[in-house]
Amino acid sequence: ALTDQQRNFYREQGYLVLRNFFPADLMAEASAEADALLRRQDLIAVANLRCRWQPNVHTGAREFETFDPVIDLGLVCRRIAHDGRLLAALAALYGEEACLFKDKLIFKPPGVKGYGLHQDWIGWPGFPRSFLTVLVPFDRADADNGCTIVFPGYHKEGSLSPEDGHYHELSRELIDESLGVPLELEPGDLAFFGGFTPHCSAPNRSDRWRRQLYLSYNKVSDGGHQRARHYDCLLYTSPSP
């Protein structure tokens, strides 16, 4: 359960941070699982559509960055995505049951570039307008290693780009950059932000990794359980047994 103050803050600002939500032993398990997944050379390949790559801002080399989806590969990631406490917090924000829509583990190694200013909501037919994302950090996330930066209040304006079914980066002229809030998080913390909340991240200019599990949900009344349908379009390489 969340307090009225927390729910009101999320409604007005478009994001919410909860400190010390998950215990240290669970986060240690998650960190170990992420290390094991990074050794899965049978999965990390350009031909595998669940893998995403980003350029290194120092060398220009393309580096593996993301598994999307991930909970069928990592049992700890799956436990977190379906954790009863997390689902209760989501239900408190939504006022109803939350359904997992998608999941990804972003490793963001040192030197890898960040993401431009954007909203997660995309104007696909039936894309849930209640879409929100939960950040679960496995490492400390801060300005040095390119933490996510959210821009509060703009979610009330809805989509800031054409609703044409395509991903769009947003012009910086649409926001007041001085309002940006860096989501500086420790393992065990959580951050929520809505699909219409503009956000971005800088390159990882530290010598530390910034591994974060990104879990996205929708209201049960806004399309119900859609994860299987969302990923059916991806012919990703099946995990080894």
Side-chain angles (χ1 to χ4, degrees), residues 1-34 37 66-108 120-121 127-141 147-148 150 152 155 181 183-197 199 201 210-231:
L2 301 177
T3 65
D4 289 343
Q5 182 180 17
Q6 289 169 325
R7 289 193 294 269
N8 290 336
F9 185 92
Y10 177 80
R11 184 163 50 248
E12 292 300 314
Q13 302 298 318
Y15 80 99
L16 176 68
V17 174
L18 300 180
R19 303 293 182 187
N20 301 310
F21 189 88
F22 284 130
D25 57 348
L26 176 60
M27 301 319 301
E29 287 185 69
S31 178
E33 180 170 89
L37 288 172
T66 302
F67 279 128
D68 179 5
V70 71
I71 67 168
D72 58 317
L73 301 176
L75 296 181
V76 181
C77 290
R78 183 177 183 84
R79 279 166 47 202
I80 293 172
H82 296 290
D83 183 89
R85 294 162 295 178
L86 174 55
L87 294 177
L90 288 163
L93 291 179
Y94 277 151
E96 60 182 89
E97 179 187 350
C99 302
L100 183 66
F101 187 91
K102 67 176 297 179
D103 47 275
K104 59 190 176 185
L105 178 57
I106 296 182
F107 289 84
K108 199 162 189 177
D120 284 341
W121 190 85
F127 196 95
R129 299 186 79 87
S130 60
F131 185 96
L132 69 74
T133 295
V134 183
L135 299 190
V136 185
F138 294 178
D139 305 301
R140 172 173 170 76
C147 67
T148 299
V150 295
H155 63 293
V181 177
L183 297 180
E184 297 199 335
L185 306 170
E186 298 286 351
D189 295 342
L190 292 185
F192 304 76
F193 60 86
F196 291 110
T197 300
H199 58 285
S201 63
R210 195 223 64 181
R211 300 169 300 171
Q212 289 189 152
L213 182 62
Y214 286 67
L215 302 169
S216 298
Y217 299 84
N218 59 273
K219 292 181 178 181
V220 68
S221 65
D222 189 14
H225 294 275
Q226 303 178 68
R227 181 181 181 277
R229 187 170 70 225
H230 173 70
Y231 283 118

**Request:** With sequence neighbours left out, write down each residue that passes salt bridge (Lys or Arg N to Asp or Glu O under 4.0 Å) with Glu184, or none if nothing qualifies.
**Result:**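 Residues passing salt bridge (Lys or Arg N to Asp or Glu O under 4.0 Å) with Glu184: Arg140.
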
[atom2] on [Y] to [atom1] on [X], rounded to 0.5 Å:
| X | Y | atom1 | atom2 | answer |
| --- | --- | --- | --- | --- |
| Arg227 | Cys99 | CZ | SG | 13.0 Å |
| Tyr15 | Leu183 | OH | CG | 7.5 Å |
| Lys108 | Thr148 | NZ | OG1 | 7.0 Å |
| Arg211 | Thr66 | CZ | OG1 | 13.5 Å |
| Leu73 | Asp103 | CG | CG | 9.0 Å |
| Lys102 | Tyr214 | NZ | OH | 11.5 Å |

Looking only at non-hydrogen atoms, find the nearest pair between [X] and [Y] and report the distance.
| X | Y | answer |
| --- | --- | --- |
| Met27 | Gly188 | CG-N, 3.5 Å |
| Gln212 | Pro137 | CG-CA, 3.9 Å |
| Ala81 | Leu87 | O-CD2, 4.1 Å |
| Ser201 | Cys147 | CB-O, 3.6 Å |
| Cys77 | Glu33 | N-OE1, 2.9 Å |
| Leu132 | Gly194 | CB-CA, 4.0 Å |

Could you check whether any side-chain heavy atom of [X] comes within less than 4.5 Å of a side-chain heavy atom of [Y], counting everything from C-beta outward?
| X | Y | answer |
| --- | --- | --- |
| Val136 | Leu190 | yes |
| Leu215 | Leu86 | yes |
| Phe192 | Leu18 | yes |
| His199 | Val150 | yes |
| Phe101 | Phe127 | yes |
| Ile106 | Asp68 | no |
| Leu185 | Arg19 | yes |

Test item: [X] side-chain N/O and [Y] main-chain N/O as donor-acceptor pair under 3.5 Å:
| X | Y | value |
| --- | --- | --- |
| Asp222 | Arg129 | yes |
| Glu96 | Ser221 | yes |
| Tyr94 | Ser130 | yes |

**Message:** Between Leu90 and Val134, is the side chain to side chain contact (heavy atoms under 4.5 Å, CB included) condition met? List the steps.
**Reply:** CA-CA 9 Å; Leu90 288 163; Val134 183; 4.0 Å; yes

**Request:** Go through the steps for Gln13 and Val181 under the test side chain to side chain contact (heavy atoms under 4.5 Å, CB included), then give the verdict.
**Result:** CA-CA 11 Å; Gln13 302 298 318; Val181 177; over 6 Å; no

**Request:** Given ring pair (Phe, Tyr, Trp, His ring centres under 6.0 Å), test Phe193 with Tyr10 step by step and report yes or no.
**Result:** CA-CA 8 Å; Phe193 60 86; Tyr10 177 80; 9.4 Å; no

**Message:** Looking only at the side chains, is there a donor atom on one of Ser216 and Thr133 sitting less than 3.5 Å from an acceptor on the other?
**Reply:** yes

